[in-house]
Amino acid sequence: MQLSKFKDKDLVLALAQSIKVKSKNFENLRIMHVCGTHENSIVRYALRDLLPENIKLLAGPGCPVCVTSSKDIDAIINYGIKNNCTIATFGDMLRVKGSNYSLFSASKMGLSVKMVYGLDEAIDFAKKSRQDVIFFSVGFETTAAPIASIIKSISLPENLSFFSVHKYTPNGVLELLKAGKLNIDALILPGHASIVSGLVPYEKVSSDFKLPCVAAGFEPVDILSTILMIINQIENNTCKVENEYERLLSYEGNKLAQKALNDVFDIVPSIWRGLGTIENSGFEFKKTYDFLNAKVKFNIPFSEDYIEEQKGCRCAEVILGLIEPTQCPMFSKVCNPHNPVGPCMVSDEGTCRNWWEVKGEI
């Protein structure tokens, strides 16, 4: 398959023109995506500039480190410092601030931290370490599924355990809609995460809230085609789940990945940073895996006295599509990738970080 055809300039411009023509009589449309990689593509290819003014493309809660609660970050930092163990996690997670400290800044106070690119690297590190190693396990179902598969398939070192803060996208979106926190007319479904979950879980999202839902790939032709499919649904007064990303994504999803997730994790309530506790939206280890669950194995204490947003930070409003990053008074001034105050400025999947990469100092 030639990926270049999904970046073809003439096709991109033709799609943009079709969107303008077909939507010219519409009221304002608020279309949200829930994937940080989509936001990265939208910003990188300046796709918002190709859309008519009556179509608003919103970035939702699609960055995993952005929605990781300060409560969890505080707990792992406090436990790690007091108990002389090593916290292993992905690079993006190191710089996300909890109530007072990030994992990186806490390392200057004695916390042992190991940046890894994947669980395999954490396993290798634990085999060589004499300390307990806790893998701070972050990400949506895209990340949770391969971790579950590895846990099922190999023998892990006894000094390695897991602190799961994994989130489940479909239920997160559904519960936010139930709570009336998302003011949107249509949803672009996450291509990568949906490869695992499939599109079945989004049928309820579409039917209960009368939302056109279309799963999209990550090239400019993918995203504009998806918007056109959404407009066609609205024009035909239909609401259904469609798949633009058929080259990689099946309606049923990856059955083996789903089985691995179901074998290892339960779906539980989970705190999404700035959004509160969302029912049925987190992956937590089943009791049969208590021996790997650091929260249980070490009885890690949690404090209810935690701060999700630093003073002046408006990341929660960005994640809900209520404001654009540039409407935050801290954007690019106090808060930038060199000094990320809010979580959305840390990762390449964060909306503020993506906007800063293009707009820079303002």
Side-chain angles (χ1 to χ4, degrees), residues 34-37 61-65 67-68 72 88-90 92-93 116-127 133-175 189-205 215 241 243 245-270 272 278-297 349:
V34 287
C35 178
T37 310
C63 164
V65 303
V67 296
T68 299
D72 292 316
T89 192
F90 305 118
D92 288 348
M93 196 63 242
V116 296
Y117 290 97
L119 177 55
D120 55 344
E121 195 175 344
I123 292 170
D124 288 342
F125 177 79
K127 287 178 178 176
V133 177
I134 301 176
F135 184 63
F136 195 55
S137 202
V138 180
F140 296 114
E141 50 272 29
T142 326
T143 312
I147 287 174
S149 296
I150 292 172
I151 286 172
K152 286 182 61 180
S153 61
I154 67 171
S155 178
L156 298 169
E158 290 185 0
N159 62 335
L160 178 66
S161 55
F162 297 77
F163 189 120
S164 172
V165 290
H166 290 294
K167 310 288 193 244
Y168 183 49
T169 312
N171 287 358
V173 172
L174 181 63
E175 295 298 330
L189 305 180
H192 290 153
S194 298
I195 288 174
V196 174
S197 68
L199 301 182
V200 177
Y202 292 103
E203 292 288 358
K204 189 171 180 59
V205 173
V241 177
N243 184 8
Y245 201 30
E246 288 182 333
R247 63 186 185 275
L248 289 176
L249 194 164
S250 71
Y251 180 81
E252 294 80 11
N254 186 321
K255 295 288 188 182
L256 287 175
Q258 291 166 19
K259 184 176 187 312
L261 284 171
N262 292 333
D263 287 347
V264 174
F265 294 111
D266 286 324
I267 300 290
V268 299
S270 179
W272 293 47
I278 301 179
E279 295 297 323
N280 306 311
S281 69
F283 289 108
E284 187 56 274
F285 284 96
K286 290 181 179 294
K287 288 191 177 299
T288 50
Y289 287 96
D290 275 355
F291 67 100
L292 291 179
N293 186 345
K295 298 172 193 174
V296 176
K297 182 177 178 180
E349 295 189 67

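These numbers come from the heavy atoms of this one structure, side chains and all, not from hydrogens, waters or symmetry mates. Positions are given from 1 along the sequence.
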Between [X] and [Y], which heavy-atom pair has the shortest distance, and what is it?
X	Y	result
T142	P146	O-CD, 3.0 Å
E279	P269	OE1-CG, 3.5 Å
K167	V67	CE-O, 3.7 Å
K286	N262	CE-O, 2.5 Å
L160	K297	O-NZ, 4.4 Å
A88	V116	CB-CG1, 4.3 Å

Drop me the distance from [X]'s [atom1] to [Y]'s [atom2], to the nearest 0.5 angstrom.
X	Y	atom1	atom2	value
T169	L174	OG1	CG	12.5 Å
I151	I123	CD1	CD1	8.5 Å
D263	K152	CG	NZ	3.5 Å
L249	L199	CG	CG	5.0 Å
Y245	R247	OH	CZ	5.5 Å
L292	S137	CG	OG	11.0 Å

If we only count heavy atoms from C-beta on, is the [X] to [Y] side-chain gap below 4.5 Å?
X	Y	result
I147	H166	yes
F135	L119	yes
T143	V138	no
Y202	P190	yes
Y168	S197	yes
K295	F163	yes

Could you tell me whether the side chain of [X] and the main chain of [Y] form a donor-acceptor pair under 3.5 Å?
X	Y	value
N159	A126	yes
S149	A260	no
S194	G191	no
N171	N280	yes
Q258	E252	yes

Is there a side chain to side chain contact (heavy atoms under 4.5 Å, CB included) between F162 and N293 once you walk through the steps? CA-CA 5 Å; F162 297 77; N293 186 345; over 6 Å; no

Within 6.0 Å of NZ in K255, more than 12 heavy atoms from elsewhere: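 Atom NZ in K255 is not crowded, with 12 or fewer foreign heavy atoms closer than 6.0 Å.
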
Are there more than 12 heavy atoms of other residues, nucleotides or ligands under 6.0 Å from atom CG of L256? no

As a quick check of understanding, evaluate side chain to side chain contact (heavy atoms under 4.5 Å, CB included) for E141 and F283, giving each step before the final call. CA-CA 9 Å; E141 50 272 29; F283 289 108; 4.2 Å; yes

Within the 6.0 Å centroid threshold, strictly below: F265 and F285: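 Yes, close enough.
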
Please step through side chain to side chain contact (heavy atoms under 4.5 Å, CB included) for the pair V241 and L189, ending with a clear verdict. CA-CA 9 Å; V241 177; L189 305 180; 4.0 Å; yes

